[in-house]
Asks: 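Here you go, one structure.
In what follows, chains are A, B, ... by sequence order, proteins preceding strands, each numbered from 1. Scope of the values below: all heavy atoms of this structure, side chains included, with no hydrogens, waters or symmetry mates.
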Amino acid sequence: MIGAILIQQTTWKNVQKAIENIKLSGTLSPELINLISLEELENLIKPSGFYRVKARTLKTYVAFLMEGYNGRISSMNRESLEILRNKLLKIKGIGMETADSILLYALKKEIFVVDGYTKRIFERIGITNSRDHEKIRILCERSLRSEGNSIYCFNEMHALIVALGKSYCKKRPKCGICPGKDLCQKKGVKNEQRWN
DNA sequence: GTCCAGTGGT
DNA sequence: ACCACGGGAC
């Protein structure tokens, strides 16, 4: 859950440093993160960037966890996907991607995580011309559910999209060496950027 | 669209 | 010296 918040607009390597700092400080628990000062938390998570905004979000999140569920994730997880998602989205600093990451990865709920890569890749491939988060999420869930074991498929597909986005379908795409070049229509890729 | 902000790659 | 990064708020 901490990772889901810290990953915003940064890389895993930096998130790991931040989480390692929290571990080394001995405050890796809802109770303790709730207790330490905002400034102390800011210092711990500095490597993950946007550290003031993210420290505030973390504080708000653990307060939510403490007040609503006595700090127990198992207690939180008894609520339905829909109820929980709406509650998470009300927390300042938690948008749809972060909420859905918490629901899928931390709570094993059946929801597909749409991220910036998903929108960019789908747009370029020509799967959709809309960047509407919910439309893409519903589309992915509908398609992947027919494969059975939704949670596993949602996990795996998201991981594969991230892998493709990080190495090939980057902001400046590497179409020449992309494993998907034969089936990609490149509708969203500008001409001069296609064959890098 | 702009800001938040440290870190790594080019 | 740039640029980009597994977002979100305003």
Asks: Name the nucleic acid region contacted by A:I161, choosing base, sugar-phosphate or nothing; use a 4.0 angstrom heavy-atom cut-off, strictly under.
Replies: nothing
Asks: Specify the separation, in whole Å, of atom CZ of A:R56 and atom C1' of B:dC3.
Replies: 12 Å
Asks: I want to check one thing: is the phosphate of B:dA5, taken as OP1 and OP2, less than 4.0 Å away from some side-chain N or O of A:Y51?
Replies: no
Asks: For C:dA4, does either OP1 or OP2 sit under 4.0 Å from a side-chain N or O belonging to A:R120?
Replies: no
Asks: Go through DNA chain B and write down every stem, that is, every run of at least three consecutive Watson-Crick or G-U wobble pairs with distances under 3.5 Å, as range with range.
Replies: B:1-4 with C:7-10, B:6-10 with C:1-5
Asks: Rounding to an integer number of Å, can you tell me how far A:H133 NE2 sits from C:dA9 P?
Replies: 13 Å
Asks: In whole Å, I'd like the distance from the CG atom of A:L89 to the P atom of C:dG7.
Replies: 16 Å
Asks: Using a strict heavy-atom distance below 4.0 Å, which residues from residues 7-24 of chain A are in contact with DNA chain C?
Replies: A:I7, A:Q8, A:Q9, A:T10, A:T11, A:W12
Asks: Using the test salt bridge (charged side-chain N to carboxylate O under 4.0 Å, His left out), find all partners of A:E147 that sit at least two apart in sequence or belong to another chain.
Replies: none
Asks: Report, one line per pair, each donor and acceptor closer than 3.5 Å where one atom sits in a side chain of residues 154-163 of chain A; sequence neighbours left out.
Replies:
| unit_1 | atom_1 | unit_2 | atom_2 | d |
| --- | --- | --- | --- | --- |
| A:N155 | ND2 | A:I151 | O | 3.1 |
| A:H158 | ND1 | A:V113 | O | 3.1 |

Asks: Quick one: A:R52 CZ to B:dG6 P, roughly how many Å, whole number?
Replies: 8 Å
Asks: Whether A:K174 engages the ring of A:Y168 as a cation-pi pair (distance to the six-membered ring centre under 6.0 angstrom, angle to the ring normal within 45°) should be assessed.
Replies: no
Asks: Taking the same atom, P, in B:dC4 and in C:dA1, what whole-Å distance lies between them?
Replies: 22 Å
Asks: Using a heavy-atom distance cut-off of less than 4.0 Å, which residues of residues 39-50 of chain A contact DNA chain B?
Replies: A:K46, A:P47, A:G49, A:F50
Asks: How about A:N77 and A:S74: does a side-chain donor come under 3.5 Å of a side-chain acceptor?
Replies: no
Asks: Counting only non-hydrogen atoms, which of residues 57-66 of chain A are less than 4.0 Å from DNA chain B?
Replies: none
Asks: Would you classify A:V162 as touching base, sugar-phosphate or nothing, given that sugar-phosphate means primed atoms plus P, OP1 and OP2, and contacts are heavy atoms under 4.0 Å?
Replies: base
Asks: Any side-chain donor paired with an acceptor under 3.5 Å for A:T128 and A:S130?
Replies: no
Asks: Output the rounded distance in Å from CG (A:L6) to P (B:dG6).
Replies: 15 Å
Asks: B:dT7 P sits how many Å from A:K54 NZ, rounded?
Replies: 11 Å
